[in-house]
Trainee: 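Have a look at the structure that comes next, please.
Computed from a predicted model, the values in this text were never measured in an experiment.
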Amino acid sequence: MALPQSIKNIITQSTIKPSDISIYIKEVGPKGKVLVSHNAHTSRTPASVIKVLPTYAAILKLGFDYRFPTKFYTQGSISNGVLQGDIIVKGFGDPTLDSKDLSKIVAKVREKGIKKITGNIIIDRSFFRVGTKDSSGFDEHLYSAYNAMPDAMMFNERVSTICVKPKKNSVNKKDADGSYKIINKLKVVSKPCKGRYSWPGVRIDKSKVAPKVFLQGQISKHCGQQNICKVLTKPYLSFYYAFKDKLKKAGVQVEGNMRLRKVPTNARPLFTHYSESLEKIVSKTAKKSNNLYARHLLLFLGAKLYGAPATLNKGRKAVKEILRSKGALSSGTLKIDNGSGLSRTAKLSAKMLADMYDNAYTRYAERWMNTLAIAGVDGTIKKRFRSTKVKNRAWMKTGTLKRTKNIGG
């Protein structure tokens with residue numbers, strides 16, 4: 001199909017070789033007219049555009065209203081407010097579990113009449129088989145949030161936050177977390193808050209069991225609070241320390257420590273904490289291009305279809321199987337890798353992507369569309385198309401890596 005001259009001109013001006021570009025434009029719907037097709041069947045590196053596959057597969061399998069559980073159990077007897085035994089937490093890969101959830105969780109513990117726990121806090125993270133890496137190591141920014149690796153017992157998206165308050169000359173952890181240490185060598189100076197005086201120097205040492213974060217250099221006392229957010233430690237450790245601290249503040253004493261093991265066969269269910277809806281999770285995954293959420297969706301689907309523990313291979317197979325069974329996957333080379341797009345081995349064609357979008361639109365129309373970034377309104381295209389007719393009239397997913405740039409919707 002011949003390219004319109006206007007698009008030819010854009011390609012010429014871009015200095016990108018036509019063979020390195022794929023374009024597929026069609027009217028919405030299975031019978032919609034194809035307007036432009038250029039290398040539409042060529043496999044490309046999709047970057048974060050690949051996220052729409054696990055997000056759509058999750059909706060097809062679980063429904064918009066699904067909520068991830070985190071289950072709490074006890075082992076031992078409860079008498080006069082004392083749990084003579086352990087409290088057990090089993091994670092099922094809820095990517096949203098964070099500090100804000102702890103108040104509800106601790107309130108439920110107290111509702112069960114527990115004021116003292118003589119045993120340990122046992123954490124079961126066996127639902128995912130993902131190893132022990134904190135960072136994917138995809139690039140040189142090892143401690144950045146986008147490199148965070150998944151875990152069945154996720155907490156705060158694996159990100160530790162250090163609050164620097166120059167005006168008060170104070171440094172503290174946002175959450176109680178004894179799994180890492182801060183070495184504060186910052187010097188507060190009376191300089192304008194700009195340039196090298198506007199942000200702390202940060203060095204991270206992970207050579208020991210407990211990582212150390214060195215804060216160094218000079219910072220202006222005129223600067224506001226600075227939050228340093230890094231992937232430093234294990235999410236289940238961060239959860240343990242924050243949970244134990246919240247229990248203590250609520251008057252619930254825990255005498256033991258943390259133990260990693262599976263839920264014992266004689267454990268008794270205490271209660272279940274549920275995440276926000278899958279619709280909100282999928283929206284954040286696509287709009288904000290959240291890598292960790294996408295990884296979790298892929299792994300969770302693997303466990304749902306093929307049984308726990310979840311693995312990457314199970315997840316890849318599950319996404320393909322769900323999409324194929326619903327007629328959302330056309331022929332061609334598809335490599336999903338980890339589902340987040342943080343990959344050079346993932347492959348997808350423009351035609352396959354368009355066919356999936358068509359399937360999603362036919363089934364869910366605007367409810368699906370609104371999980372994507374909206375032109376000039378939110379997500380990764382909030383600042384794009386603002387002063388054009390496209391504003392609020394395009395629903396897109398972007399994807400960017402070095403030497404790769406995509407958009408589809």
Trainee: Among all residues two or more places apart in sequence or in another chain, which pass the disulfide bond (SG atoms under 2.5 Å apart) test with Cys229?
Mentor: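 With sequence neighbours excluded, Cys229 shows a disulfide bond (SG atoms under 2.5 Å apart) to no residue whatsoever.
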Trainee: On the ring face of Tyr73, is Arg268 found with NZ or CZ under 6.0 Å from the centre and within 45° of the axis?
Mentor: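 Pair Arg268/Tyr73 does not count as cation-pi.
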Trainee: With a cut-off of under 6.0 Å to the ring centre and 45° to the axis, is Lys185 in cation-pi contact with Phe214?
Mentor: no
Trainee: Please collect all ring-ring contact (aromatic ring centres under 6.0 Å, His included) contacts where either partner lies in residues 146-176, sequence neighbours excluded, each pair once.
Mentor: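 Counting only pairs at least two positions apart or across chains, the ring-ring contact (aromatic ring centres under 6.0 Å, His included) contacts touching residues 146-176 are Phe155-Phe239.
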Trainee: The criterion is ring-ring contact (aromatic ring centres under 6.0 Å, His included); which residues satisfy it with Phe128, sequence neighbours excluded?
Mentor: His296
Trainee: Starting at CE of Met369, measure out to CD1 of Ile374 and round the result to the nearest 0.5 Å.
Mentor: 8.5 Å
Trainee: Can you pull the ring-ring contact (aromatic ring centres under 6.0 Å, His included) pairs that have at least one residue in residues 375-409, sequence neighbours excluded?
Mentor: none
Trainee: Among pairs that include at least one residue of residues 86-117, which meet ring-ring contact (aromatic ring centres under 6.0 Å, His included), considering only residues two or more places apart or in two chains?
Mentor: Phe92-Phe127
Trainee: Could you name each residue pair satisfying salt bridge (charged side-chain N to carboxylate O under 4.0 Å, His left out) that touches residues 228-237, not counting sequence neighbours?
Mentor: Asp134-Lys234
Trainee: Could you check whether Glu157 pairs with Lys284 (Lys NZ or Arg NE/NH1/NH2 to Asp/Glu carboxylate O, under 4.0 Å)?
Mentor: yes
Trainee: Does Lys391, at its NZ atom, have more than 12 non-hydrogen atoms belonging to other residues, nucleotides or ligands within less than 6.0 Å?
Mentor: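 No, not enclosed.
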Trainee: On the six-membered ring of Tyr197, is Lys221 placed so that its NZ or CZ lies under 6.0 angstrom from the centre and within 45° of the ring axis?
Mentor: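 No, Lys221 and Tyr197 do not form such a contact.
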